[in-house]
Amino acid sequence: MLLVTGGAGFIGSNFVLSTLARTGEPIVNLDKLTYAGNLRNLDALRGDARHVFVQGDICDRALVKRLFDRHTPRAIVHFAAESHVDRSISGPAEFVQANVVGTWSLLEEAREYWKKSGGDFRFLHVSTDEVYGSLGADDPAFKETTPFAPNSPYAASKAAADHMVRAYHHTYGLPTLTTNCSNNYGPYQFPEKLIPLMIQQALAGEPLPVYGDGRNVRDWLFVLDHCEAVRVVLERGRPGETYNIGGNSEKKNIDVVNLLCRTLDELRPRKQGRHAELISFVKDRPGHDRRYAIDASKVKRELGWQPNESFESGLRKTVQWYLDNQAWAGEVTSGAYRNWMAANYATRGAA
């Protein structure tokens with residue numbers, strides 16, 4: 001039995017669905033169901049006794065304790081987090097509460113459970129490459145030993161959580177594992193992130209808002225490759241260690257958008273013109289990191305994991321999924337989401 005937090009969100013739901021499909025191991029899924037959590041992601045598991053969904057807050061220690069005592073999980077896989085940089089700039093308090101206080105709450109209850117159970121237990125904390133800060137064009141990729149230098153409230157809250165997880169291993173001996181991943185993309189991603197945002201805007205014939213000059217670089221990781229990496233680290237990783245998970249796919253944002261447009265031109269062409277004609281550059285966001293790059297050689301060397309998807313193959317699968325699931329996308333793009341879009345992506349005209 002696994003206890004998964006944030007299992008109705010983008011990465012968490014993909015992990016729950018793919019883990020049950022691959023291993024069949026029962027899962028207790030704890031999710032607060034904030035704006036980015038969606039039970040529709042888990043429709044395929046309705047009536048499946050292997051999946052127990054619990055709506056609740058990871059900061060509710062009494063609830064977490066009950067779940068540990070009742071279900072006696074062999075591990076906790078901690079995805080639950082506030083994760084969008086723009087939202088952290090406009091409202092950092094929620095990020096401190098969820099990412100720092102929430103992780104500490106889980107660690108405290110996990111430590112008590114582990115001490116009482118005396119069994120084999122693991123605490124896997126899923127984090128981000130943004131804790132490392134920003135790279136120059138010629139800097140080497142982030143390694144697990146790269147010093148933290150977070151540049152947004154979101155990144156700072158995740159860095160604090162990473163430090164807390166490390167401290168609980170070194171101070172108390174709790175068998176912890178941390179993964180720091182690059183930009184995920186794939187099915188069920190809330191359309192505030194770059195790729196699903198661009199897909200939805202393009203299908204609506206609306207401008208495709210690209211921050212700044214569009215030359216910010218990210219490493220892109222297909223979400224199901226990430227889920228497999230998490231399973232590998234959970235089973236074979238060394239307690240107390242950190243593993244960087246990357247897709248070996250560094251791309252400029254504008255190149256991502258152009259490739260996405262070409263893919264849409266093929267799979268869902270416009271009545272007139274090409275999708276790239278919708279690209280519109282907008283004012284850059286504060287503290288926008290220029291480049292992230294992940295060195296994932298440790299997880300490949302020690303645990304034998306590497307991504308299956310190229311960026312091109314993963315992007316095509318992602319675009320096709322959104323084309324096939326427009327009802328899902330329509331449900332999550334509520335009025336509140338449209339108001340958020342208007343506040344954060346007012347177009348300034350082409351650069």
Side-chain angles (χ1 to χ4, degrees), residues 2-46 48 50-54 75-84 124-129 177 179-197 199-200 218-235 243 245-247 249 294 296 299 305-311 313-325 327-329 331-332:
L2 299 177
L3 173 58
V4 175
T5 70
F10 163 47
I11 304 176
S13 62
N14 275 284
F15 178 82
V16 169
L17 291 165
S18 60
T19 299
L20 283 170
R22 285 178 175 271
T23 73
E25 182 173 15
I27 290 174
V28 175
N29 183 350
L30 174 63
D31 196 294
K32 191 177 179 180
L33 293 183
T34 60
Y35 74 95
N38 188 349
L39 277 178
R40 290 296 307 274
N41 297 2
L42 303 165
D43 275 352
L45 300 179
R46 288 184 180 180
D48 191 329
R50 300 172 301 170
H51 178 245
V52 177
F53 180 79
V54 179
I76 183 168
V77 184
H78 176 35
F79 291 100
E82 291 284 344
S83 65
H84 195 253
L124 193 152
H125 169 61
V126 179
S127 190
T128 172
D129 58 359
L177 298 152
T179 57
N180 292 87
C181 69
S182 56
N183 277 33
N184 277 224
Y185 67 99
Y188 300 110
Q189 188 170 28
F190 192 79
E192 65 185 0
K193 299 298 180 84
L194 179 66
I195 288 175
L197 171 66
I199 294 171
Q200 292 308 109
R218 301 293 182 263
D219 175 61
W220 293 92
L221 174 64
F222 189 60
V223 65
L224 293 177
D225 281 338
H226 182 199
C227 293
E228 180 60 22
V230 169
R231 284 188 288 269
V232 168
V233 172
L234 181 64
E235 298 308 319
Y243 296 90
I245 311 298
S249 297
I294 280 283
V299 72
W305 176 87
Q306 60 184 350
N308 288 318
E309 299 290 344
S310 68
F311 182 69
S313 66
L315 183 66
R316 188 179 184 87
K317 288 181 179 181
T318 300
V319 171
Q320 189 63 61
W321 186 89
Y322 278 90
L323 292 176
D324 293 340
N325 289 275
W328 177 92
E331 286 184 7
V332 302

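The first residue in the sequence is number 1, and the count goes up from there.
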Asker: I'd like to know whether Tyr188 forms a side-chain contact (heavy atoms from CB on, under 4.5 Å) with Leu17, so could you lay out the CA-CA distance, the side-chain angles of the two residues, the decisive distance to 0.1 Å, and finally the verdict.
Answerer: CA-CA 11 Å; Tyr188 300 110; Leu17 291 165; 3.9 Å; yes
Asker: Before giving the answer on side-chain contact (heavy atoms from CB on, under 4.5 Å), spell out for Trp328 and Asn38 the whole-Å C-alpha distance, their side-chain angles and the decisive distance to 0.1 Å.
Answerer: CA-CA 10 Å; Trp328 177 92; Asn38 188 349; 3.2 Å; yes
Asker: Of all heavy-atom pairs between Val16 and Gly7, which one has the smallest distance, and what is that distance?
Answerer: CG2-O, 4.0 Å
Asker: Mind listing the closest non-hydrogen atom pair of Gln189 and Pro196 along with its distance?
Answerer: OE1-CD, 3.4 Å
Asker: Are Leu194 and Asn183 close enough, and set up right, to give a side-chain contact (heavy atoms from CB on, under 4.5 Å), and what steps lead you there?
Answerer: CA-CA 10 Å; Leu194 179 66; Asn183 277 33; over 6 Å; no
Asker: Indicate whether the side chain of Arg231 and that of Ser18 have a donor and an acceptor atom separated by less than 3.5 Å.
Answerer: yes
Asker: Side chain of Ser13, backbone of Phe10: donor and acceptor closer than 3.5 Å?
Answerer: yes
Asker: For a quick test of reading the model, state the closest non-hydrogen atom pair linking Ala80 to Gly6 and the distance between them.
Answerer: CB-N, 3.6 Å
Asker: How about Val223 and Pro187: do any of their side-chain heavy atoms sit closer than 4.5 Å?
Answerer: yes
Asker: Applying side chain to side chain donor-acceptor pair (under 3.5 Å) between Asp48 and each of His51, Arg50, Arg46, report the one that passes.
Answerer: Arg50
Asker: Could you tell me whether the side chain of Asn325 and the main chain of Leu323 form a donor-acceptor pair under 3.5 Å?
Answerer: no
Asker: Name the orientation class of the two ring planes belonging to Phe79 and Phe15 (parallel below 30°, tilted from 30 to 60°, perpendicular beyond 60°).
Answerer: tilted
Asker: Atom OG1 of Thr5 and atom NZ of Lys32: how far apart are they, to the nearest 0.5 Å?
Answerer: 13.0 Å
Asker: Test your reading of the model: is there a side-chain donor-acceptor pair from Asn180 to the backbone of Thr128, 3.5 Å cut-off?
Answerer: yes
Asker: How many angstroms lie between CG in Leu224 and CG in Asn308, if you round to the nearest 0.5 Å?
Answerer: 10.0 Å
Asker: Write down the atom of Gln200, the atom of Pro191, and the distance for their closest heavy-atom approach.
Answerer: CG-CB, 4.2 Å
Asker: Which pair of heavy atoms, one from Asp219 and one from Gly246, lies closest together, and at what distance?
Answerer: OD2-CA, 3.3 Å
Asker: Return the minimal non-hydrogen interatomic distance between Leu33 and Ala8, and the atom names on each side.
Answerer: CD2-CB, 3.8 Å
Asker: Apply ring pair (Phe, Tyr, Trp, His ring centres under 6.0 Å) to His125 and list each qualifying residue two or more places apart in sequence or on a separate chain.
Answerer: His78
Asker: Would you call Val126 and Ile11 a side-chain contact if the rule is heavy atoms closer than 4.5 Å?
Answerer: no
Asker: Sort out for me which residue in Ile294, Ile245, Asp225 forms a side-chain contact (heavy atoms from CB on, under 4.5 Å) with Cys181.
Answerer: Ile245
Asker: Working to the nearest 0.5 angstrom, can you tell me the gap between Phe311 CZ and Ile195 CD1?
Answerer: 4.5 Å
Asker: Any chance you could measure Thr23, atom OG1, to Glu235, atom CD, to the nearest 0.5 Å?
Answerer: 8.5 Å
Asker: Looking at CG of Asn184 and CG of Leu221, how far apart are the two atoms once the value is rounded to the nearest 0.5 Å?
Answerer: 4.5 Å
Asker: Measure the OG1-CD1 distance between Thr19 and Ile27 for me, rounded to the nearest 0.5 Å.
Answerer: 5.0 Å
Asker: Thr34 and Glu82: side-chain contact (heavy atoms from CB on, under 4.5 Å), yes or no, with the steps?
Answerer: CA-CA 9 Å; Thr34 60; Glu82 291 284 344; 4.3 Å; yes
Asker: Do the side chains of Leu234 and Leu2 get nearer than 4.5 Å, heavy atoms only?
Answerer: yes
Asker: With under 30° as parallel and over 60° as perpendicular, where do the rings of Trp220 and Tyr185 fit, or are they tilted in between?
Answerer: perpendicular
Asker: Treating Thr179 as the side-chain partner and Val230 as the backbone partner, does any N or O pair qualify as donor plus acceptor under 3.5 Å?
Answerer: no
